[in-house]
A.B. asks: 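Submitted below is the structure of interest, expressed as structure tokens.
We count ligands from 1, going down the list as the structure has it; atoms in each ligand are counted the same way. The figures here come from the full heavy-atom set of this structure, side chains too, leaving out hydrogens, waters and symmetry mates.
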Amino acid sequence: MLGRIRQDIATLPESGIVEVVNYGRGKEGLIPLWAGEGDKPTPDFISAAAKQSLDDGETFYTWQRGIPELRSALAAYHERLYGAGRSEENFYVTGSGMQAIMSAVQCVVGAGDEVLALTPAWPNIFGAVQVAGATTIAAPLQFGDNGWRVDLDALFAKRTARTRALFINSPGNPTGITLTRDQLVAIRDFARQYDLWIIADEVYGRFCFDQKVAPSFLEIMEPEEKLLVVNTFSKNWAMTGWRIGWVVAPQSLGDVMENLVQYNTSGVPVFSQRAAVVALEEGEEFLAKQVAEVRSVRDLVCGEMATWSRVTSAPPQGAFYLFFAVEGEKDSRSLALRLIDETNVGLAPGGAFGPGGEGCLRLCLAGSPTRFEQALERLQPALG
Ligand SMILES: Cc1ncc(COP(=O)(O)O)c(C=O)c1O
């Protein structure tokens, strides 16, 4: 029976993060720092818009590309942030950031193609590329005392005749690496030279500690170039459970993106989209508080871990994770499982993030500082 399904699909790996989550889920008193979300629900002013929409009877099929109000709000938001010169016709609403990635990959990558990516990377990227029948070619970042560092020449050297796209996630999950504008320009020039697509995952663009917003490909590429930017409402506005995101794509792909939405999900619920409009238009204060909280948690956790002799880490520049190495630990999967038993803290195993990640653990820095004080106390005897 299994022989009758596609080989690419039959061999999709289990997400190494999900395995650990499944092991520890429901354990009494466990502090879960394994996933990419904080501990606060979506703020009321956003949820209220969804409730109102349901009360108004907005329960029907809707626009495949997204309701016009949300597409305009997305255009205005990007204009505010980047002066990006995109109109609402460049925005396509998707059922999550993950689905934005899937649509972008489906759009430009097919069987036998290769996608270049910096690793360690969020495991779902490898999965999305494999579902499309393609292969991710990893270019590992370097890790030293000053944290994670990118070598773009090493990335570019991986190009072959089969390369179709570069997947660039900056600020990056799990390392926090945040590419400079010059680095984005170098990637853009390389992509132009070899006629490659750039799939830019900018979901952590607002979680950036030295600047207001991370540099974006939208600032340095024209609307009709080979660029697909994927994004989500999940992280900025504590909406991980809503499953709503977006793609910024050339207008000339409008019908293609619409078809992809049609055949993948047939659209995103109107009530979620109404909430998303409010998040974009009124959510800056909430977002600023979230970023400030992550920054103080980052300083707290990095300050403490700097005193732990077995741990090598450096404060991330962006996103909301600390991806640190543990001396003498070669098997991050069994370490993460052991930490659940011994400390009742859930961390993600570095090996799940692909080449360069083994021997490390990922700790999510989003949430209230008190939960991190407690987590550090528990982890210290095991890792300190
Ligand atoms: C790098 C990256 N991209 C995309 C996503 C997708 O976000 P979501 O599907 O929750 O909207 C995540 C979620 O953790 C992520 O870390």
Side-chain angles (χ1 to χ4, degrees), residues 15-18 20-21 32-38 41-42 46 66 70 74 92-106 115 117-129 131 136 138 141 148 165-179 198-208 214 216-217 228-248 261 264-265 268-269 272-273 275-276 279-280 283 287 290 294 316-323 346-348 350 352-354 357 362-367:
S15 157
I17 309 175
V18 172
V20 173
V21 173
L33 305 178
W34 44 36
E37 61 186 349
T42 308
I46 294 176
L70 180 52
L74 281 164
Y92 306 90
V93 179
T94 58
S96 74
M98 180 61 225
Q99 222 241 314
I101 292 176
M102 199 50 123
S103 306
V105 169
Q106 285 171 332
V115 176
L118 297 168
T119 64
W122 189 46
N124 290 29
I125 289 148
F126 308 109
V129 170
V131 168
T136 305
L141 300 167
W148 293 88
L166 294 141
F167 189 98
I168 305 293
N169 171 216
S170 171
N173 172 8
T175 59
I177 188 133
T178 304
L179 301 181
I198 294 174
I199 302 175
D201 180 334
E202 300 189 352
V203 311
Y204 297 102
R206 306 299 305 278
F207 287 86
C208 193
S216 166
F217 281 104
L228 298 168
V229 179
V230 298
N231 216 320
T232 180
F233 289 87
S234 291
K235 314 291 176 176
N236 293 355
W237 297 288
M239 294 175 72
T240 49
W242 291 70
R243 316 312 299 139
I244 176 163
W246 71 92
V247 178
V248 194
V261 173
N264 278 314
T265 59
V268 175
S272 311
Q273 298 197 51
L280 291 170
L287 174 56
Q290 289 238 100
V294 171
Q317 306 149 289
F320 50 54
Y321 306 97
L322 182 65
F323 199 63
L347 301 181
F353 298 86
R362 188 192 72 174
L363 180 153
C364 174
L365 298 167

A.B. asks: Test ring-ring contact (aromatic ring centres under 6.0 Å, His included) on Phe353 and Tyr321; report intermediate values, then the result.
C.D. replies: CA-CA 13 Å; Phe353 298 86; Tyr321 306 97; 7.9 Å; no

A.B. asks: Give me the residue, atom name and distance of the protein heavy atom closest to atom 13 (C) of ligand 1.
C.D. replies: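 Result: Lys235 NZ, 3.1 Å.
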
A.B. asks: What atoms in ligand 1 come closer than 4.0 Å to a heavy atom of Ser234?
C.D. replies: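 Within the 4.0 Å cut-off of Ser234, ligand 1 contributes 8 (P), 10 (O), 11 (O).
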
A.B. asks: Once rounded to the nearest 0.5 Å, what's the spacing between atom CH2 of Trp246 and atom CG of Leu280?
C.D. replies: 6.0 Å

A.B. asks: To the nearest 0.5 Å, what is the distance between CZ (Arg362) and CG (Leu33)?
C.D. replies: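 Answer for the CZ-CG pair, Arg362 versus Leu33, is 10.0 Å.
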
A.B. asks: Go through ligand 1 atom by atom and flag the ones less than 4.0 Å from a non-hydrogen atom of Arg243.
C.D. replies: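 Answer, ordered by atom number: 8 (P), 9 (O), 10 (O), 11 (O).
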
A.B. asks: Under 4.0 Å from any heavy atom of Thr232, which atoms of ligand 1 are there?
C.D. replies: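 Answer for ligand 1: 8 (P), 11 (O).
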
A.B. asks: Identify, by atom number and element, the atoms of ligand 1 in contact range of Ile101, meaning under 4.0 Å from any of its heavy atoms.
C.D. replies: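 Near Ile101, the atoms of ligand 1 are 3 (N), 4 (C).
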
A.B. asks: Is it the case that ligand 1 has an N or O less than 3.5 angstrom from some N or O of Tyr204?
C.D. replies: yes

A.B. asks: Find all atoms of ligand 1 within a distance of less than 4.0 Å from any non-hydrogen atom belonging to Asn173, and give their numbers and elements.
C.D. replies: 1 (C), 15 (C), 16 (O)

A.B. asks: Looking at ligand 1, would Phe233 count as a contact under a 4.0 Å heavy-atom criterion?
C.D. replies: no

A.B. asks: Using atom types as modelled and distance alone, determine if a side-chain donor or acceptor of Lys235 lies under 3.5 Å from a backbone N or O of Gly36.
C.D. replies: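 Checking the backbone N and O of Gly36 against the side chain of Lys235, a donor-acceptor pair under 3.5 Å is found.
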
A.B. asks: Could you check atom 1 (C) of ligand 1 against the protein and tell me its nearest heavy-atom contact, residue, atom and distance included?
C.D. replies: Asp201 OD2, 3.3 Å

A.B. asks: Would you give the length of the straight line joining atom CD of Gln106 to atom CG of Leu228, rounded to the nearest 0.5 angstrom?
C.D. replies: 12.0 Å

A.B. asks: Has Glu37 got a side-chain atom pairing as donor or acceptor with Ser234's backbone, closer than 3.5 angstrom?
C.D. replies: no

A.B. asks: Which of the numbered atoms in ligand 1 are below 4.0 angstrom from a heavy atom of Met98?
C.D. replies: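 Counting from 1, the qualifying ligand atoms are 6 (C), 8 (P), 9 (O).
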
A.B. asks: Parallel, tilted or perpendicular: which describes the rings of Phe323 and Trp148, with under 30° parallel and over 60° perpendicular?
C.D. replies: tilted

A.B. asks: Could you tell me whether the side chain of Trp237 and the main chain of Gly283 form a donor-acceptor pair under 3.5 Å?
C.D. replies: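 Confirmed, Trp237 side chain pairs with Gly283 backbone.
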
A.B. asks: Answer yes or no for Glu37: is there a heavy-atom contact with ligand 1 below 4.0 Å?
C.D. replies: no

A.B. asks: Among Leu141, Leu118, Asn169, exactly one meets side-chain contact (heavy atoms from CB on, under 4.5 Å) together with Ile177. Which residue is that?
C.D. replies: Leu141

A.B. asks: Within ligand 1, which atoms have a heavy atom of Val203 less than 4.0 Å away?
C.D. replies: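 With Val203 as reference, the close atoms of ligand 1 come out as 2 (C), 3 (N), 4 (C).
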
A.B. asks: Which of the atoms of ligand 1 are close to Asn169, meaning less than 4.0 Å from one of its heavy atoms?
C.D. replies: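 Atoms satisfying the 4.0 Å criterion: 1 (C).
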
